[in-house]
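Read through the structure below, which is laid out as structure tokens, and then see the notes.
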Amino acid sequence: MIQEPGPRPTEIALERGLAERLELRVGDTVRLGAAPDSMTRLAVVAAIYEPRPDPAELSRQGKRVRMHLPDLAALLDAPDRVDRFGIGLAPGVTAESAAAALNRYAFGFRAHPSAAIASESSQTFKVVSRFHRAIGFITIVASAVFLLCIMLLKVEERRMDAAVMRFVGVRRRTIFGALVLEAALVSVLGSILGAGLAWLAGAATNSYYRRYFDTELIFSLITPRIVLFSVCLSLLLGLAAGALAAWRLVRTPPMVLWGRA
Amino acid sequence: MTGLGWGLRNLGRHPLRTALALAGIAVAAAMLLDMVMLSGGIEKSFSELLLARGYHIRITPKGTFPFDTEAAIPRATGLVRALRAEPGVRAAGAVLGTSVYGRTADSLVTLVGYGVQPEAQGLYLVTAGADLGPGDTLGVLLSEPAARLLHAGVGDTVALAGRLDPQMAQASTDRRLAVRGVVRWIYDSRGQPSVGTVLPVMQRLDGRAAADPASLLLVKATDDRSVATLAAHLRERFPELAVNSVADLVVEAKRRLVYFTQLSYVLGGMSLVVAVLLVGTLLTITVNERLGEIATLRAIGVGRGTIVRQVLAEGAALTVVGGGAGILLGLVTAEYLDAILTSFPGLPQAFSFFVPRANTLAVAAAVLLLTGSLAGLYPAWLASKAPIAATLRAEAT
């Protein structure tokens with residue numbers, strides 16, 4: 001006996017997170033509807049997919065299910081309706097000129113080059129980036145003051161050594177150079193240690209947020225350029241602070257440094 | 001001379017190092033204040049925004065939050081009637097949000113359209129002209145940006161269109177409406193051109209009048225204390241809908257903005273560490289430099305307690321002066337940082353991330369003072385333990 005093929009079952013693809021939440025596997029049947037009181041359409045899970053990591057989707061609570069366009073239109077009772085079209089262009093045609101040509105006759109729709117949409121949807125990240133830069137600036141100011149203060153104290157701690165060196169005939173320039181060199185060394189070693197700490201903190205940040213948001217996105221990225229910037233900045237500040245403190249020290253009479261003036 | 005007097009005098013002996021320490025503490029305190037404001041500001045600002053018109057509960061399609069998706073609740077008028085009949089409900093109203101188009105001289109401009117029930121609305125405040133009446137099907141309310149875009153003011157007539165058909169190149173619905181008033185839509189982002197009509201007019205413009213849809217329903221409880229109970233009751237009564245109190249929505253907003261809250265904790269903690277290290281290092285070096293002086297004081301009968309108080313007072317003085325400057329600096333930087341974050345696309349104009357509050361300032365100041373003072377504990381202990389005879393002998397040689 002030959003059986004007539006029935007209507008094609010609705011096939012759906014589930015986002016991995018949704019499949020895990022609902023404990024569904026490929027081949028399972030689910031009930032779909034546009035509202036909780038109209039869950040009438042049966043659908044078979046044909047695939048489970050991993051969504052592409054997208055920062056714009058991080059805080060999205062809803063999970064996605066994909067299906068063929070006619071199935072979704074029938075489910076929503078909105079035949080022949082779409083939210084947007086994607087258009088592939090012939091070689092040599094620019095997206096801007098095609099969008100402009102379409103918009104000349106547009107009524108009820110608007111054409112946008114993909115780059116413009118990408119730029120618009122990245123506004124959020126531009127704001128976050130500006131915020132990070134502002135916070136970074138404040139942090140650098142705080143670190144700079146901290147470093148200046150510590151270097152000043154560090155050099156001033158060498159008052160007695162400087163006094164003894166002056167008594168035995170060591171030249172001011174030599175003492176100044178030694179103190180500045182010491183400040184530079186401390187700055188560089190400190191900043192290298194700081195880069196190590198930052199690397200550890202970045203790894204912890206990535207590990208925590210990747211688990212929290214269930215994503216493969218990178219949240220904290222320490223590049224060689226950032227490390228170089230940090231080391232150079234701290235070296236510069238260390239040299240400045242060391243030079244200032246050393247200059248004050250070598251100008252002070254040795255007896256005063258010795259505390260007997 | 002008191003411990004504080006000695007402490008201040010000692011700080012004055014090294015003006016450069018004291019100035020640098022104060023600057024460091026001020027920046028750390030500013031950062032701490034900003035982060036304390038950020039951690040609580042999101043919750044407070046969002047909560048105030050949602051309660052701006054006194055509506056405690058939002059009802060949306062199941063699984064959604066207000067205006068998160070285009071999903072709508074069907075048969076809204078009947079639902080509102082049922083809600084108003086519920087015990088514990090003082091007022092209830094429906095809102096439909098959709099896109100509409102305004103006709104200007106030679107083109108169409110895209111507008112955000114709100115269909116409201118003016119007798120129970122929680123979305124706007126009238127700034128000029130008058131509000132819509134409950135059955136006013138000929139009137140419209142405009143936001144300032146919409147008024148500018150349509151070149152219209154109170155008393156003018158505007159033409160609105162909905163559901164444009166690209167194939168027929170015409171709008172399926174068209175209405176000419178009189179501008180009754182200019183309003184401030186509470187949840188609109190900066191520059192958002194919005195218009196509002198009574199619910200049935202917006203439903204017709206949207207082309208879905210038959211389904212009687214609404215994007216959300218607003219409910220005001222008779223008593224602030226009964227909101228949680230009322231929300232639970234409505235969840236049971238309407239299981240096909242999502243019922244969220246303001247507290248639920250604040251929790252959701254915090255979940256979405258968790259990054260900023262956690263960032264505030266991390267940076268606030270780091271600011272405290274910087275302040276503690278600065279005060280601790282400065283005082284330790286100062287104490288080491290003054291061991292001879294401290295030993296002399298001990299030798300002439302000054303007690304350990306006085307020495308400890310002196311060192312702690314020095315740390316507290318540094319923290320108080322630096323922290324005071326830091327609070328002023330923090331208020332300025334908070335305004336700048338808030339201006340950056342509130343430029344998020346789509347964020348309500350009235351939303352603020354950094355909300356200065358008396359208790360926020362008090363918490364930041366108290367935490368800073370406490371940690372700054374505690375930072376002096378180690379150097380104070382060093383000072384009190386200094387061996388008198390050995391130190392004096394070393395000083396003499």
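Here Leu341(B) is the residue among Leu341(B), Thr281(B), Leu108(B) with the most heavy-atom pairs under 4.5 Å with chain A.
The part of Tyr336(B) that comes within reach of chain A is its side chain, from C-beta onward, which places non-hydrogen atoms under 4.5 angstrom from that chain. Contact of Leu38(B) with chain A is made through the side chain alone, with heavy-atom distances under 4.5 Å. Heavy atoms of Thr333(B) lying under 4.5 Å from chain A belong exclusively to its side chain. Only the side chain of Ile285(B) comes within less than 4.5 Å of a heavy atom in chain A; its backbone stays farther off. For Phe219(A), no part lies near chain B; criterion is any non-hydrogen pair under 4.5 Å. Interface residue Arg248(A): only side-chain heavy atoms are found under 4.5 Å from chain B.
To the nearest 0.5 angstrom, Cys149(A) atom SG is 11.0 Å from Leu277(B) atom CG.
Counting non-hydrogen atoms of neighbouring residues, nucleotides and ligands closer than 6.0 angstrom, the CD atom of Gln123(A) exceeds 12 such neighbours.
Among residues 124-142 of chain A, the residues having any heavy atom closer than 4.5 Å to a heavy atom of chain B are, in sequence order, Thr124(A), Val127(A), Val128(A), Arg130(A), Phe131(A), His132(A), Ala134(A), Ile135(A), Ile138(A), Thr139(A), Val141(A), Ala142(A). Within residues 261-271 of chain B, the residues having any heavy atom closer than 4.5 Å to a heavy atom of chain A are Gln262(B), Leu263(B), Leu267(B), listed by residue number.
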